Amino acid sequence: MEITIQLDSAQKALELFGPADSHLRLLRKSLGVRITARQDTLIITGKEKDINKTAEIIDRMQKHLLKHRSLTTSDVRALVARGDSGGSIDAGRAITVYSHKKVIEPSTAGQLKYVETMLANDLTFCIGPAGTGKTYLAVAIAVSMLKKKQIRRIVLARPAVEAGEKLGFLPGDIQAKVNPYLRPLFDALEDMMDFAQMKKFVELDIIEIIPLAFMRGRTLNEAIIICDEAQNTLPLQMLMVLTRLGHGSKMIITGDITQIDLEKGQKSGMIEAIKTLRRIRGIGYVGLTQKDIVRHRLVQKIVQAYKKKAKTD
C-alpha cells in the first residue's frame with residue numbers, strides 16, 4: 001500500500017525531515033515503512049496499519065513544529081513512543097490562554113480525558129506521576145476560563161511540606177518563606193501570560209498563590225481553586241479545602257500518591273477523600289500514568305524503573 005502526504009508548509013520541510021533526513025530515517029526504522037521525500041510531499045509505502053500510524057505521527061510532528069518552532073530527534077522519538085502506547089489524541093482541543101507564544105493542548109489520551117473531566121465536573125481529583133501535566137493543565141484550564149470571564153479569580157494552593165529533607169530556617173517575611181513551595185505554580189502561570197500581566201493579577205487578587213493554611217475560613221465563589229501536591233495534605237486539611245467550594249466555582253485536586261512526604265504514620269487526606277467521595281455524582285476522577293509523561297523522554301523511563309523496583313522490594 002502507498003499514500004502521498006502533502007506537507008502543511010514547504011518552508012518547514014527541512015526542519016521536519018531533520019538534519020540529513022535523520023527524522024525520516026528514524027520513522028523508517030521505528031515503523032517499518034519506506035518514506036520518499038519530494039519537495040513538499042512525502043510518499044509512504046508499507047502495510048496499511050504502519051502507514052496510518054506513520055501518517056498520524058507526521059501530522060503531530062508538523063503540529064509540534066508549528067507550536068514550538070523546533071523539532072528535535074528526542075521530540076520525534078517521544079511522538080513515536082506515544083503512538084505505540086495508543087496515546088494519540090485529537091489535537092484540536094487547544095486551550096486558549098493569555099500567551100501568544102504557544103498553543104496549549106493535551107498531548108496524550110489520558111491528558112485529553114483529564115481536560116474533559118475538569119470541564120465537565122465542579123470537583124476533579126487527578127493522580128499521576130511527575131511530568132504528566134497534572135498541575136500545568138489544571139492551571140491552563142483556570143487561565144482559559146479567566147480569559148473567557150467564566151470565573152472571576154484563580155486560587156492556587158499547596159501544602160508547605162518539605163520533600164524528604166529539612167530545609168531549616170528560611171529568612172524573610174511570610175511571602176519569602178512560602179515562595180519556594182509555591183514556585184511550580186508561578187512557573188506554570190509564567191508560561192501562560194507575560195510577567196507584567198501576572199504581577200498585575202496577583203496584586204489585584206485576581207490570582208492568589210497561597211499556602212494551604214491560608215484558605216481556612218473562606219468561601220470562594222466564581223473561582224477555580226487548584227490544590228496542588230494534595231497527597232501531602234492531612235485528612236482534616238483536605239476536608240477544609242473541599243468545603244471552600246462556593247457558587248459558580250470549580251476545584252481541581254492534584255497529587256502523586258507515590259510521593260507522600262508526610263511524617264510516618266500520618267494518613268494522606270487526598271487518598272482518604274478519593275475513597276470517601278468516590279460514589280458521589282458530579283465528582284470526576286482521573287488517573288494518569290507513565291504513558292502520559294510529556295517531559296524529557298528519560299523521565300518516563302525513570303518513573304517506570306522506580307515503579308518496577310517498588311514491586312520487587
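Only a predicted model underlies this, so the values are computations on that prediction, with no experimental measurement involved.
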Do [X] and [Y] come within less than 4.5 Å of each other through their side chains, counting heavy atoms only?
{"X": "Lys291", "Y": "Thr108", "answer": "no"}
{"X": "Lys53", "Y": "Val33", "answer": "no"}
{"X": "Met251", "Y": "Cys227", "answer": "no"}
{"X": "Leu189", "Y": "Val202", "answer": "no"}
{"X": "Val97", "Y": "Met193", "answer": "no"}
{"X": "Thr54", "Y": "Ile57", "answer": "no"}
{"X": "Ile260", "Y": "Asn232", "answer": "yes"}
{"X": "Met61", "Y": "Val76", "answer": "yes"}

Heavy-atom pair of closest approach, residues [X] and [Y]:
{"X": "Pro129", "Y": "Leu288", "answer": "CD-O, 3.5 Å"}
{"X": "Ser30", "Y": "Val80", "answer": "CB-CG1, 3.9 Å"}
{"X": "Thr254", "Y": "Tyr114", "answer": "CG2-OH, 3.3 Å"}
{"X": "Leu242", "Y": "Ala273", "answer": "CD1-CB, 4.2 Å"}
{"X": "Thr45", "Y": "Ile51", "answer": "C-CD1, 4.0 Å"}
{"X": "Gly128", "Y": "Lys134", "answer": "O-NZ, 3.0 Å"}

Output, in order, the C-alpha distance, side-chain angles, deciding distance and verdict of side chain to side chain contact (heavy atoms under 4.5 Å, CB included) for Leu212 and Val241.
CA-CA 8 Å; Leu212 206 62; Val241 171; 3.4 Å; yes
Please check this pair: side chain of [X] against backbone of [Y], looking for a donor-acceptor N/O pair closer than 3.5 Å.
{"X": "Gln266", "Y": "Leu234", "answer": "no"}
{"X": "Asn52", "Y": "Lys49", "answer": "no"}
{"X": "Asp59", "Y": "Glu56", "answer": "no"}
{"X": "Asp256", "Y": "Thr258", "answer": "yes"}
{"X": "Asp228", "Y": "Arg158", "answer": "no"}
{"X": "Thr219", "Y": "Gly246", "answer": "no"}

Among Lys250, Arg152, Arg153, which one satisfies salt bridge (Lys or Arg N to Asp or Glu O under 4.0 Å) with Glu222?
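Filter result, single survivor: Arg152.
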Take atom CG of Leu236 as the centre, draw a 6.0 Å sphere, and report whether it contains more than 12 heavy atoms from other residues, nucleotides or ligands.
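Open.
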Crowding at CZ, Arg25 (>12 non-hydrogen neighbours, <6.0 Å):
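Enclosed: over 12 neighbouring heavy atoms sit under 6.0 Å from CZ of Arg25.
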Side-chain heavy atoms under 4.5 angstrom apart, residues restricted to Ile, Leu, Val, Met, Phe, Trp, Tyr: same cluster for [X] and [Y]?
{"X": "Leu277", "Y": "Ile271", "answer": "yes"}
{"X": "Ile35", "Y": "Met1", "answer": "yes"}
{"X": "Leu31", "Y": "Ile43", "answer": "no"}
{"X": "Leu245", "Y": "Leu239", "answer": "no"}

Can you check side chain to side chain contact (heavy atoms under 4.5 Å, CB included) on Gln111 and Val115, steps first, answer last?
CA-CA 6 Å; Gln111 288 189 349; Val115 168; 5.7 Å; no
To the nearest 0.5 Å, what is the distance between [atom1] ([X]) and [atom2] ([Y])?
{"X": "Asp50", "Y": "Leu27", "atom1": "CG", "atom2": "CG", "result": "12.0 Å"}
{"X": "Ile252", "Y": "Ile141", "atom1": "CD1", "atom2": "CD1", "result": "7.0 Å"}
{"X": "Gln62", "Y": "Leu16", "atom1": "CD", "atom2": "CG", "result": "5.5 Å"}
{"X": "Leu146", "Y": "Ile154", "atom1": "CG", "atom2": "CD1", "result": "4.5 Å"}
{"X": "Cys126", "Y": "Ile226", "atom1": "SG", "atom2": "CD1", "result": "11.5 Å"}
{"X": "Ile127", "Y": "Ile253", "atom1": "CD1", "atom2": "CD1", "result": "13.0 Å"}

Parallel, tilted or perpendicular: rings of Tyr98 and Phe201 (30°, 60°):
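Perpendicular: the ring planes of Phe201 and Tyr98 meet at over 60°.
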In sequence, state the C-alpha distance, the side-chain angles, and the governing distance for Ile95 and Glu105, and then conclude on side chain to side chain contact (heavy atoms under 4.5 Å, CB included).
CA-CA 6 Å; Ile95 302 168; Glu105 63 183 18; 5.8 Å; no
What do the steps show when you test Ile225 against Arg244 for side chain to side chain contact (heavy atoms under 4.5 Å, CB included), and what is the final call?
CA-CA 9 Å; Ile225 306 109; Arg244 301 308 97 197; 5.6 Å; no
Under 3.5 Å side-chain donor-acceptor pair for Asp191 and Tyr136
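Yes, Tyr136 and Asp191 have a side-chain donor paired with an acceptor closer than 3.5 Å.
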